[in-house]
Amino acid sequence: MRKKIIILFILLNLTRGAFSQRLQLTLPNALKIAKEKTLDYKIAVNRARSAYWNYEAFKAGFLPKLSLNGSLPDYYRTINSITLPNGQNDFVNQNVANTSVNLNLSQNIGLTGGNLAIGSSLRRIDNFGDFENKAYTAVPFTLSYFQNNLFYNDFKWRKKIEPLKLKESERNYIENLEDISYQTVDKYFTLLRAITQFKLDSQNLKNIDTLLKVTQSRFEIGTVQLNDVLQSKVSLLNAKKAQAVSELSMKMARQDLFRYLGFGQTEDVQLEIPDSLRFFYINPDSALEQATKNREFVIEFQRRKLEAEQEIARTKSSTGPTVNLYLNLGLTQTGGTLNRSYQDLLRNQTVTLGFNIPLIDWGVNRSNRKRAEANLELEKNSIAQEHLSIEQQIDAQITKWNMQKEQMKIAKETRQLAEKRYELSKQKYTAGGLTYTDFNNAQLDKDQAVTDYLNNLGDYWLSYYLVRKLTLYDFENGRKIQLEDLATP
């Protein structure tokens, strides 16, 4: 029993050690994982697949379709009302089985908007009871054409719109992947800043605790006043509060990043600071040109304008005179046997030209047409406004990117100077050559400089991926972003 307890104790310690291992995570690794495991990635993939299969279904709609249908059998035994040869109506007991089979080959005609079909059918009727007999009717061949409205061709509009939808979805997929990179960078630096702030607060708490003891010792020998002791104690309490707040922020940021990347709970994580930066100038006009070539919104605007124009055409055709056409040409025969129904075939012809002409509608149709025209103008204005907004966003982001080099240089120098000042202030205060207020100010400046540096570093990477997303162009390597070469830093 004792041996089992020892083994269990060892296993528990090994398990605890495995789960408490520190997770090493770099920004390139986080980006790679995000494009493989996040829910945003899976949603983007499925949306792209859905758009692809929608387009495949659209193309298949213009291919011939062969179908076989029928009933084997359609049996009923009941009393029905029928009209006798003399015109009199009477109730008749019927015991009948209908059997039919139809073979049909159809093809949508994109040029006209109609449907052309070739078919063949066979039907058999079995009468049971006192007047038992059977009969066949056959249609060996029939050629038919149907068009619902001669003045509106839906196929013509779909041939223009559906390819745009597919192209739009492809660009949207790439934009979504770039957005995943942007979101990952944002969450990565949120956690990195939270970890750094927690480390700063923890170190400050230790330093303040040590300096409080120094201050109390100096107070006892009369070299400092009671005010310095009280201020040190207040600083210690504030440091404890700051540490608790930063610890909570760190846990929440860690949970946010880990859930996004699909990780389990990890006790500790070490993030690498991605400070290997590449600066390059981007011409705003070139950025706008690439966005116009590559972004989804260009295709989206074309599609929306076409759909609004399609709605006008559909509204005009449905509110004005309409003409539908049905043509059928074939052969048919009937007989008591199957062979007889295929002999001495007779012509089977049908021509139907239907029309509908609105005469009085009290302005309803005219209102519908005007509404469709107004919607088209509204869509044009909305597109122009959105296009202008996108141009402004791109221009602002490119301007911000071109300032990154100078901003990072200032932030780095400020951090270095603030850290040196803090170390000197700490030494001077310990030696009694500096007031606590001056030391505290040096500490606050140092913490702020470290935080500002990380904020600027995060802004660099966020700007890097936002430029990629806004233009779908890799300015660093001078090429359009493709699905196969979505880069990581």
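Atom set for the values below is all heavy atoms of this structure, side chains included, hydrogens, waters and symmetry mates excluded. Remember, it's a predicted structure, so these values are computed and weren't measured experimentally.
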- Heavy-atom check, side chain of Gln333 versus side chain of Asp344, under 4.5 Å: yes
- Task: Using atom types as modelled and distance alone, determine if a side-chain donor or acceptor of Asn153 lies under 3.5 Å from a backbone N or O of Gly110.
- Result: yes
- Item | Stepwise side chain to side chain contact (heavy atoms under 4.5 Å, CB included) check, Ile174 with Leu177 | CA-CA 5 Å; Ile174 301 177; Leu177 293 186; 5.7 Å; no
- Task: State, without any angle test, whether Asn98 and Arg123 hold a side-chain donor-acceptor pair at a distance under 3.5 Å.
- Result: yes
- Would you confirm whether the ring centroid of Tyr465 sits within less than 6.0 angstrom of the ring centroid of Tyr182? no
- Residue pair Val45, Tyr173: steps toward the side chain to side chain contact (heavy atoms under 4.5 Å, CB included) verdict: CA-CA 7 Å; Val45 169; Tyr173 176 65; 3.7 Å; yes
- Query: Okay, side chain of Thr315, backbone of Glu311: is any donor-acceptor separation there less than 3.5 Å?
  - Reply: yes
- Item | is_close_aromatic(Trp401, Tyr460), centroid dist under 6.0 Å | yes
- Min side-chain heavy-atom separation Ile180-Gln183 under 4.5 Å: no
- With a 4.5 Å limit on heavy-atom distance, are the side chains of Asp256 and Met252 in contact? no
- Task: Scan side-chain atoms only and decide if Asn328 and Thr142 contain a donor-acceptor pair under the 3.5 Å cut-off.
- Result: yes
- Query: Where the side chain of Thr332 meets the backbone of Leu346, is there a donor-acceptor pair that is under 3.5 Å apart?
  - Reply: no
- Query: Do Asn368 and Thr319 meet the criterion of a side-chain donor-acceptor pair at a distance under 3.5 Å?
  - Reply: no
- Task: Mind running side-chain hydrogen bond (donor to acceptor under 3.5 Å, both in side chains) on Asp201 and Gln197 for me, showing each step along the way?
- Result: CA-CA 6 Å; Asp201 292 337; Gln197 188 63 51; 3.1 Å; yes
- Query: Is the NZ atom of Lys251 crowded by more than 12 outside heavy atoms at less than 6.0 Å?
  - Reply: no
- Give a yes or no answer on whether the side chain of Ser120 reaches the backbone of Val139 with a donor-acceptor pair at less than 3.5 Å. yes
- Message: Taking Asn46's backbone N and O only, do any of them form a donor-acceptor pair with Ser50's side chain (distance below 3.5 Å, no angle check)?
- Response: no
- Got a donor-acceptor contact below 3.5 angstrom from the Thr292 side chain to the Leu288 backbone? yes
- Item | Side chain Lys65, main chain Gly61, donor-acceptor under 3.5 Å | yes
- Quick one: does Tyr464's side chain have a donor or acceptor within less than 3.5 Å of a partner on Leu277's backbone? no
- Does the side chain of Tyr41 come under 3.5 Å of the side chain of Asn176 through a donor N or O and an acceptor N or O? no
- Query: When you check the side-chain N and O atoms of Glu162 and Asn54, is any donor under 3.5 Å from an acceptor?
  - Reply: no
- Item | Results of side chain to side chain donor-acceptor pair (under 3.5 Å) for Asn127 - residues two or more places apart only | Asn133
- Taking Thr471 for its side chain and Ala291 for its backbone only, find out whether a donor-acceptor pair lies under 3.5 Å. no
- Task: Answer with yes or no whether the side chains of Asp74 and Tyr76 bring together a donor and an acceptor at under 3.5 Å.
- Result: no
- May I ask you to test the Leu31-Val185 pair for a side-chain heavy-atom distance under 4.5 Å? yes
- Aromatic contact, Phe155 with Phe62 (centres under 6.0 Å): yes
- Item | Asn381-Glu377 side chain donor-acceptor pair, cut-off 3.5 Å | no
- Look only at the side chain of Gln397 and the backbone of Leu470, and say whether a donor-acceptor pair between them is shorter than 3.5 Å. no
- Are any non-hydrogen side-chain atoms of Asn402 and Ile282 less than 4.5 angstrom apart? yes
- Query: Is there side-chain contact between Leu353 and Leu325, with at least one heavy-atom pair below 4.5 Å?
  - Reply: yes
- Side chain proximity check, Tyr188 to Leu25, heavy atoms < 4.5 angstrom: yes
- Query: Going by heavy atoms in the side chains, are Ile481 and Asn294 under 4.5 Å from each other?
  - Reply: no
- Decide yes or no on side chain to side chain contact (heavy atoms under 4.5 Å, CB included) for Tyr136 and Arg340, but give the supporting numbers first. CA-CA 8 Å; Tyr136 293 87; Arg340 181 66 185 88; over 6 Å; no
